[in-house]
Amino acid sequence: MHYSHQQSSLFFVCIYRPPPSKKNGLKDTDFLNELPDLLEMYHTKKHLFVGDFNCHFDAQANSSVNRVKTFLKDYSLVQLINEPTHTDGHTLDWLVVREADNPTSSFSVRDIRQISDHSALFFNICIQKPKPAVRTVTSRNLKRMNVDKFREDVRVFAASTAADTPDTDLLMVFNTCLRQLMDSHAPLVTRQVTDRPSAPWMSEDIKDHKRLVRKWERLWRTSGLTVHRQIYRQQLDDIKALHTSAKQEYYTSRLAECKDTKALFSVTDELFAKKKATALPKLIPPSELPETFSNFFDQKISDIRKGLDSSKTQMSFAAFSGTPLTRFSPVSEKFVFELISKCAPKSCTLDPIPTSLMKTCLDFLVPVVTRILNLSLQSGSVPAQFKEAVITPLLKKPGLDTECLKNYRPISNLPFLTKLLEKCVLAQLQEHLLSNDLLDVHQSAYKKNHSTETALLYVTDKLLTSADNKEVSVLALLDLSAAFDTIDHDVLLKRLQFTFGIADKAFQWFVSYLSERFQRVQIGQKESSPVPLKHGVPQGSVLGPVLFTLYTQDLSDVISRHGCEHHKYADDTQIEDSAPPSDFPKVVKNTERCIESVKDWMIDNKLKLNDSKTEVMLSGSRHALNQIDCTSLTIGDTQIVSQTAVKDLGVYLDSALTMQKHISFVCKCAFFELRKISSVRSFLTLQATVQLVSSLILSRLDYCNSLLAGLPTEELDRLQRVQNSAARLILQKSKKDHVTPLLTTLHWLPMKYRIEYKLALLGYRCFEKSLPPYLSHSLSIYEPSRSLRSSSEKLLRIPKTRTKTFGERTFRYQIPTVWNSLPSSIRDSSSLSSFKTQLKTYLFRKAFA
């Protein structure tokens, strides 16, 4: 049954499933095979499943019921009835809705035994249109701005005023003159805006046709003639075609404007009418919000530092040996031009003009900007205008209490020129670190050829190898409180000087960069008073994250002294240790001592380990885990109970290493995105739909998919169903159409071969010596004991393993297995681009042979 009105549409799906028996010949497997097809049929629509499923939803140990629950999770569905609905005391009747758009406001189960042995389900459906919000905005109308006239005025400024300005006043004159030009060409205007569904594709032609439709409708209803009704219906078809054509043109042009993934996500939020309004406390007057947040953020860091400053441990720093970095070299106009061209068009309220507008005037402004940057680099001083940040409070997760200030994090935004200056410094700093081999091997953040996927490959390989050796592993994920905000400037500067060889003018630049910084909170047009930053590195900066990794580099030595495996990605630290079940209590004690040492080191370095948010997971085979009595770690006064699954760098790892929870999470998110795309599919061209699906769906399926190598086929089939649904959506095919021709048309590799593609790339990078050292050390080139033809075929050695479930899923087994199976002509490719092309062709033929 389909119910709809002007504002929304809802599908009621009423189901009766006969109980399996020998008489009717039905089996549980029939239901389990058909249910995913039914869910996929309606996953793009707002729906409600109700009926007698004759499936005991309350049976926790039933494998069929658990598979059904897995299917519901994949499609973001939830069963609302959790009490008995049958006289036997089981839950046989279901009320299943999607979590995100639950249309039921209330529901109940009522006993009607005089009529049936099933209870009756009563529920209310609430479908209503929210009232539009009215808000006050202050903005510049850049669309009506005469860009050519603005460019001419900028040229005059750059040629005269900037050239005659002394170095000490150049930045102030630069900002002042550009602001004056902006006020002249596009002054700030304050107006009230009502948030209504926008129709940017609406044209005068469509409006004229709508008037004509209403005219013929009135004429038909007055005359009642069939001919007038036919003309009216024809006009309706014409206006529908015009709407579709206009929307297609609009969506296609908007997507074509996207230069990067971030811009694409921003456009898709606009297309899907996703609200971006920041959730803010309602009990605090809007005029007091900025000052309230500013005081809270400042007090939070002060309280943390107050507890850390009691430690007066004498600090020691590793001695630097190598060529020190004494000064920063000036940058060329060509380098600055290319740097600005590659930057995202993101602006800050402190910028004199929007970044997008600056890019249109690059040919005039680059000499002035280059001069400003070189003045700072050569003088070893950062201008005061570059040391102020604007803070925006952002709710940490949707659904958190908006009245609790602890649920917000400060997001800082810096002037565009500040980020340019930091990028110039970062390029020279990284060159210095690489040439002196100063980077931490166990840190994967902000390093070339390193990623979250390579870090997770290392972590999961250790867990799988231990499980293959009949060992149990303990994995601890450490959580820091306000990690970037509590860094001690004196400790950071000493570490840069003594450990990393930053000296003279370069060291003076960092001293200036960290001193006398300020921030203020801005919400709408209201802002707080500036607050000095006595600690920490700017979170919205380019240099801040890299400085944090250098600040915490000595942490690796602390962990290594306890013999634990570990890895870091920015402020995320994973510690792993393993042993046979009989020796596992020793591992627990050693891990506890290791974390205690980490905690002591952090206190000495003014960082706070958040004991309550640190997660622990025990992993291994089910047989080995059943032999373990200890299921928790004690850190200080906090006892941390091990979890059955933890989220590490966006991937769910479970104790049995099955990856089932991660696959469920990916399916749930992917189907949610598919539903959004399907709502505008009729207005999208084929190319625009492919672009959307590739960015929103395939990117999720491909993220860290190398961790799924070696999993059972039934688990990969769940991801394959997502890909199949995406292909049908793009090509507008029904569920009955065979999917193989669709994948062939789109030139998509099935999930199994997408994983092989990723593994083969890692194998190629092994021979190119571009793999992170912590991965390449586990792979070895095959070298036979005597001269064979295979000696020159670029093969990798396949290690021996004990089990298929664990050992054959490690990257050290999977990568050589996939690599060695490739034809020698592909393995001998002269370049990465050539290798990718040949590999894709080979796997495509293999998949669809």
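Every value quoted in this text rests on a predicted model; they were computed, and no experiment measured them.
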| Taking only residues two or more places apart in sequence, or in another chain, which ones meet Lys207 in a side-chain contact (heavy atoms from CB on, under 4.5 Å)? |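 With sequence neighbours excluded, Lys207 shows a side-chain contact (heavy atoms from CB on, under 4.5 Å) to Met202, Glu204, Arg211, given in chain and number order.
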
| query | Quick one: do the Ser412 and Gln519 side chains pair a donor with an acceptor below 3.5 Å? | reply | no

| Any side-chain donor-acceptor pair under 3.5 Å between Gln385 and Asn175? |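 Looking only at side-chain atoms, Asn175 and Gln385 do not form any donor-acceptor pair under 3.5 Å.
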
Sequence neighbours excluded, which residues qualify as salt bridge (Lys or Arg N to Asp or Glu O under 4.0 Å) partners of [X]?
X	value
Glu403	none
Arg409	none
Arg517	none
Arg681	none

Side chain to side chain donor-acceptor pair (under 3.5 Å) involving [X] - partner list, sequence neighbours excluded:
X	value
Asn407	none
Thr402	none
Gln79	none
Gln180	none

| remark: Residues pairing under salt bridge (Lys or Arg N to Asp or Glu O under 4.0 Å) where one sits in residues 520-536, two or more places apart or in two chains, turn out to be Glu388-Arg520, Arg520-Glu527

| query | When the ring planes of His535 and His489 are compared, do they come out parallel, tilted or perpendicular, using 30° and 60° as the limits? | reply |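 Ring orientation of His535 relative to His489: tilted.
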
| Once the angle between the rings of Tyr513 and Trp509 is folded into 0 to 90°, is it parallel (under 30°), tilted (30 to 60°) or perpendicular (over 60°)? |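 Parallel: the ring planes of Tyr513 and Trp509 meet at under 30°.
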
| said: Keeping Thr552 on the side-chain end and Leu555 on the backbone end, is there a donor-acceptor pair under 3.5 Å? | reply: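 Not at all, since once roles are kept as given, no pair shorter than 3.5 Å links the two residues.
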
| note | Sorted by chain and number, sequence neighbours left out, ring-ring contact (aromatic ring centres under 6.0 Å, His included) with Phe484 holds for Phe548

| field | Partner residues of Phe665 under the ring-ring contact (aromatic ring centres under 6.0 Å, His included) criterion, sequence neighbours left out | value |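 Scan of Phe665 (ring-ring contact (aromatic ring centres under 6.0 Å, His included), adjacent residues dropped) gives Tyr652.
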
Taking [X] first and then [Y], would you say they form a salt bridge - that is, a charged N and a carboxylate O separated by under 4.0 Å?
X	Y	answer
Asp183	Arg179	no
Arg305	Asp488	yes
Glu673	Lys676	yes

